[in-house]
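The block underneath contains the structure these notes are about, expressed in structure tokens.
Counting starts at 1 for both ligands and their atoms, following the listed order. Note that the coordinates shown come from a computational prediction; the quantities given were computed from them, not determined experimentally.
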Amino acid sequence: MRSINDETITDVALEQMSGTSDPRFKLIMEAAVRHLHAFAREVNLTPEEWLEGIRFFTAVGQECTSYRQEFVLLSDVLGLSALVGLLNDKSGTGFHSDSSLLGPFYRENSPHFELGESIATKTHGREIALYGHVLDSNGRGIPQASIQIWQTDEEGDYDMQKAEAAEMDLRGTFDTDSEGRYYLRSVLPAGYSIPMDGPVGNLIRAQKRHGLRPSHIHYLLGAPGYRELVTALYIDGDPHIGSDTVFGVTDSLVVKPTEQDPASPFPNLPGIRYDFTLSFAGKDQASGRVGADPSQITRVAQRAGRAT
Ligand code: BEZ
Ligand code: FE
């Protein structure tokens, strides 16, 4: 029997877990325990602070529903989601566009539209055209690539945040044409505050942060044989472009809508032209999503809960 004190406890705990059969799970849990113990030692965590942390995580879990993912939001505001995305970016094969956050407002099975149609089916606003190509790392257009798009309305609200949360608007799925082109219409989105009425909002206020995201449009692109790209385009000139609460903005993703573009499929509309590049999929690299549809997370979590 080994004597347990504040120095030996880490090794004792690691030793007890050493029989874990899945090597990746073992690595992750060992590192988690080592870093958690180091954190407690570094700040000399008190029992009351420990309990406050437990209360906080409990509240975060209690806030989660099929339409709201407070844990993803927490990961976002701590910079963890952006970091995991950036690490995943480095694993791509060949050049690809920069990624950005999936965020908590992604939904699966958004309505399918034909090229040229508008995703603003219930909302009015300043109409814009979104167009460009989906390319491979060699600059060739990818035919029939799938593009999912979602965004806020002019008030900065997603459909999921409205009273009729089950009804979809300002989101849709398109397929590129035979040359990898896409073109569609929408309305200019507004920047918005992340949900501030839960525990993550309390954290943001305690840290004296503004809790805002600059105006943006989300894209999730994929095609067989290519690595999925989760990204977003940020509208130049938004006052919060340099201080995004969730660290999603990078220079290459900032766009300035053109007032008129003779080469646009909609030459009389303001437009955002952007060519996205997908890298080839390596082994086990199909998904680049740091997140998921909240309803899927809730469902899987419930199944996991029942299994234990
Ligand atoms: C979003 O862009 O939808 C988002 C990302 C992180 C936190 C909140 C919202
Ligand atoms: Fe967003």
So, [X] and [Y], do they make that salt bridge, N to O below 4.0 Å?
X	Y	answer
Glu167	Arg107	no
Glu117	Arg185	no
Asp197	Arg68	yes

Quiz item: Got the closest protein heavy atom to atom 1 (C) of ligand 1, with its distance?
Solution: Tyr192 OH, 2.6 Å
Practice problem: For atom 6 (C) of ligand 1, grab the closest protein heavy atom and report residue, atom and distance to one decimal in Å. | Solution: Asp76 OD2, 3.0 Å
Atoms of ligand 1, numbered as shown, that sit under 4.0 Å from any heavy atom of [X]:
X	result
Tyr158	1 (C), 2 (O), 3 (O)
Phe105	3 (O), 9 (C)
Val246	6 (C), 7 (C)
His218	1 (C), 2 (O), 3 (O)

Quiz item: Same cluster for Leu253 and Val134 if Ile/Leu/Val/Met/Phe/Trp/Tyr side chains link at under 4.5 Å?
Solution: yes
Self-check item: For Pro143, side chain to side chain contact (heavy atoms under 4.5 Å, CB included) partners two or more places apart
Solution: none
Exercise. Measure Leu73 to ligand 1 on non-hydrogen atoms and call it side chain, backbone, both or neither using the 4.0 Å cut-off.
Key: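 Looking at Leu73 and ligand 1, just side chain atoms fall under 4.0 Å.
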Quiz item: Quick one: are the ring centres of Trp150 and Phe105 less than 6.0 Å apart?
Solution: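 No - the distance between ring centres of Trp150 and Phe105 does not fall below the 6.0 Å cut-off.
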Quiz item: So which protein N/O/S atoms does the Fe ion (ligand 2) have within less than 2.8 Å?
Solution: Tyr158 OH, Tyr192 OH, His216 NE2, His218 NE2
Exercise. Begin from the C-alpha positions of Tyr234 and Arg213 and carry the test side chain to side chain donor-acceptor pair (under 3.5 Å) through to its verdict.
Key: CA-CA 10 Å; Tyr234 295 87; Arg213 291 219 72 199; 2.7 Å; yes
Quiz item: Between Ser146 and Asp175, does a side chain to side chain donor-acceptor pair (under 3.5 Å) hold up when you go through it step by step?
Solution: CA-CA 5 Å; Ser146 154; Asp175 296 324; 4.8 Å; no
Quiz item: Are any side-chain N or O atoms of Glu30 and backbone N or O atoms of Leu27, one a donor and one an acceptor, separated by less than 3.5 Å?
Solution: no
